[in-house]
Structure formats: C-alpha cells, structure tokens
Amino acid sequence: MFVKLIRYLPTEKNLKIWKLDKEVRSMLMNIIKTRLENKDTMGYGNDLLGLMLEACAPEHGQNPILSMDEIIDECKTFFFAGHDTSSHLLTWTMFLLSTHPEWQEKLREEVLRECGNGAPTGDMLNKLQLVNMFLLETLRLYGPVAVIQRKACSDLEVGGIKVPEGTVLTIPIATIHRDKEVWGEDANEFKPMRFENGVTRAGKHPNALLSFSSGPRSCIGQNFAMIEAKAVIAMILQRFSFSLSPKYVHAPMGMITVRPKFGLPMVLMSLEM
Ligand code: HEM
C-alpha cells in the first residue's frame with residue numbers, strides 16, 4: 001500500500017520524474033503535431049509513428065484503434081527499449097574487437113570483400129556471416145539485457161517446481177549465457193565460431209541464447225537491432241582500426257542495461273591514406 005502511495009507524493013525524486021515525463025511528452029507532441037499538420041501533403045509518414053497515427057485518425061470516429069496517450073506511450077517504449085540496448089551492444093562489440101585484434105582483421109576482410117568501401121546495402125549486410133557470429137557471441141557474453149522477469153498469472157509448474165499465482169520469476173540471462181552445462185566447458189571463452197551452424201545449434205538447448213528473450217513477448221526490434229549493428233560495425237571497420245586506450249578499466253555494470261562503468265576509451269586510427 002505504502003509503495004503504491006509513494007508514487008503520488010511530491011517527493012524530490014517524483015518531482016524530477018514528473019518534470020522529465022512532461023519534457024518527453026511535449027517533445028513527442030511536437031513531432032506528432034508536425035505530422036498531423038502536414039498530413040494532407042505528406043501523409044502521416046511511412047514509419048511506425050505514421051502507422052500509429054493512421055490508427056488514431058478521425059475516420060475511426062469515437063473509437064480509434066489507439067488513443068493519443070497510447071501512441072505517446074508506444075513511442076516512449078520503443079525509444080527506451082531500442083536505444084540503450086543497441087548502443088551497448090555496439091559498445092561491447094567494439095570492446096571485443098579491440099581485445100581480439102585477429103577477429104577485427106577477419107571481420108574487416110569480410111566487410112571489404114562483401115561491401116567494398118561504400119555504404120553497405122541490406123543484401124550486403126546479410127552476407128556478413130562472421131560479423132553476425134561475432135555479434136551473437138557478444139550478445140552471449142555481454143548481452144545488454146542481463147535479466148528479465150515474468151509474473152505467474154496462475155498456479156503453474158516449471159521444471160517440477162510449483163509456482164503459485166502472482167510469483168515474480170527472474171530469468172538470469174547473463175548467468176545462463178555463461179553456464180557450462182548449457183554452452184560446454186568453454187562457456188566463459190569468447191568463441192564466435194560456436195555459432196557457425198546457427199543460433200539454435202550453438203548451445204545444448206535451441207533457445208539457449210536469450211539476449212532478445214524468447215516466445216511471444218520476445219524483442220520486437222531484434223532483426224532491426226542486428227541489421228543496425230552490422231551496418232554500424234561494417235562502416236567503422238571500413239574506416240578505422242582500433243584498440244583499447246590504456247585508460248580503459250574493465251567494470252561491466254548492470255544499470256537496466258549492462259554497460260562499462262567507466263566508459264570505453266579507445267584509440268582509433270584512420271585507414272584512409
Ligand atoms: C541489442 C539490442 C536489443 C536487445 C538486447 C533487446 C532485448 C530485449 C529483450 C530481452 C526484451 C524482452 C524484455 C522482457 O520480456 O522483459 C525486449 C523487448 C522489447 N524490445 Fe528489444 N532489444 C534490443 C533492441 C530493440 C530495438 C532496436 C527495439 C525497437 C526498435 C526494441 C524494442 C523492444 C520492444 C518494443 C520490446 C517489448 C516487446 C513486448 O513486450 O512485446 N528492442 N528487447
């Protein structure tokens with residue numbers, strides 16, 4: 001009861017949360033307002049926001065498929081679910097490429113062979129098999145989402161254990177990802193080739209890799225995240241060789257997403273003559 005009530009009291013923390021919420025809402029409202037004003041000439045836009053605005057359009061009358069509040073909530077969900085996760089996947093990929101220079105070289109060769117020096121197309125990115133395996137191994141060892149939770153909607157049994165309705169189950173993704181029973185004796189080693197025969201065959205269970213969760217509520221943005229990461233890494237490899245700065249201190253820290261506590265200082269060298 002107390003926990004619920006405290007959310008409505010004007011504490012310092014709540015005042016900050018409310019202020020930030022107001023700012024984010026007003027930023028989103030400005031984007032939405034511009035879309036609505038230009039609707040007759042440019043339509044609602046050919047992206048997710050455009051689709052959601054269609055679902056809220058006046059032709060749906062009193063019963064729009066989505067309300068304006070729901071649209072704003074969806075925008076916030078997509079921004080927060082898609083931004084830090086993707087940026088930390090890139091961070092850890094850069095870290096592992098720096099600590100495994102032989103892989104950095106192999107991946108650069110693959111990128112230059114499949115994409116040349118120009119901006120990679122979707123077809124080119126699909127051919128980057130080593131980059132793909134490297135990203136999967138990064139997600140296994142340094143996946144941005146370390147734990148997820150589920151609440152039992154009814155009494156159930158999981159692996160012979162009775163779970164009463166309402167119990168919150170924590171799924172320790174990061175721990176499962178380093179479990180020797182699941183991945184073999186080399187579970188703690190960085191070995192992208194374990195994904196050579198596909199994600200489902202890399203561990204002892206086809207769903208062993210849980211970086212994007214699994215099942216109906218798994219990450220809706222996972223294909224986008226992978227293609228985005230491939231594009232960014234390919235474009236960096238085309239232009240730079242890099243290593244860790246001596247100032248780097250290894251301290252992965254879980255704060256919603258897993259990040260390097262003291263950042264990732266790096267030394268980049270341009271490959272352009
Ligand atoms: C490396 C990048 C990413 C990782 C590791 C990741 C991971 C995850 C995980 C583990 C979940 C399940 C959360 C849970 O069940 O509690 C999830 C859900 C979700 N993700 Fe991602 N995600 C990534 C990128 C993205 C991107 C780019 C987007 C959007 C463009 C996105 C949108 C979402 C949304 C909307 C959900 C909620 C889906 C639902 O509840 O049905 N994610 N993500």
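Values below: every heavy atom of this structure, side chains too, minus hydrogens, waters and symmetry copies. Each ligand, and each atom within it, is numbered from 1 in the order the structure gives.
Counting atoms of ligand 1 from 1 in the listed order, those under 4.0 Å from a heavy atom of I148 are 13 (C), 14 (C), 16 (O). Within the listing of ligand 1, atoms 1 (C) sit less than 4.0 angstrom from a heavy atom of L89. Each of the atoms 27 (C) of ligand 1 lies under 4.0 Å from some heavy atom of F224.
Residue, atom and distance of the protein heavy atom nearest to atom 26 (C) of ligand 1 are G82 CA, 3.3 Å. Counting only heavy atoms of the protein, atom 33 (C) of ligand 1 lies nearest to A81 CB, 3.5 Å. The protein heavy-atom contact nearest to atom 12 (C) of ligand 1 is S213 CB, 3.8 Å. Of the protein's non-hydrogen atoms, F78 CD2, 3.8 Å is the one closest to atom 30 (C) of ligand 1. The closest protein non-hydrogen atom to atom 7 (C) of ligand 1 is S211 O, 3.4 Å. Here the heavy atom of the protein found nearest to atom 22 (N) of ligand 1 is C219 SG, 3.1 Å. Closest to atom 34 (C) of ligand 1 among all protein heavy atoms lies I220 CG2, 3.6 Å.
Each of F134, W92, Y142 was scored for a ring-ring contact (aromatic ring centres under 6.0 Å, His included) with F190, with one residue passing: F134.
Considering all non-hydrogen atoms of both residues, R194 and E189 come closest at NH2-O, 3.0 Å.
Side chains of R259 and T257: a donor-acceptor N/O pair is present below 3.5 angstrom, by distance only. At a cut-off of 3.5 Å, with distance as the only test, a side-chain donor of S86 or E228 sits close to an acceptor on the other residue. A side-chain donor-acceptor contact under 3.5 Å links Q149 and T170.
Contacts between T85 and ligand 1, counted as non-hydrogen atom pairs separated by less than 4.0 Å, involve both the backbone and the side chain. Residue contacts with ligand 1, taken as heavy atom pairs separated by less than 4.0 Å, involve F212 via backbone and side-chain atoms alike.
Considering only non-hydrogen atoms, atom 38 (C) of ligand 1 lies nearest to S218 out of S218, A146, A225, A229. Nearest residue to atom 14 (C) of ligand 1 from R150, Q222, R217, Q149 is R150 (criterion: closest heavy atom).
Heavy atoms of G143 stay at 4.0 angstrom or farther from ligand 1.
Proximity of a side-chain donor or acceptor of N14 to a complementary backbone N or O of I6 within less than 3.5 Å is detected.
L49 places a side-chain heavy atom less than 4.5 Å from the side chain of I71.
Salt bridge status for R35 with D47: present, with a side-chain N to carboxylate O gap under 4.0 Å. Contact check on D69 versus R25 returns a salt bridge, with a Lys/Arg side-chain nitrogen under 4.0 Å from an Asp/Glu carboxylate oxygen.
The cationic group of R178 does not satisfy the cation-pi geometry with W183, failing either the under 6.0 Å distance to the six-membered ring centre or the 45° limit from the ring axis.
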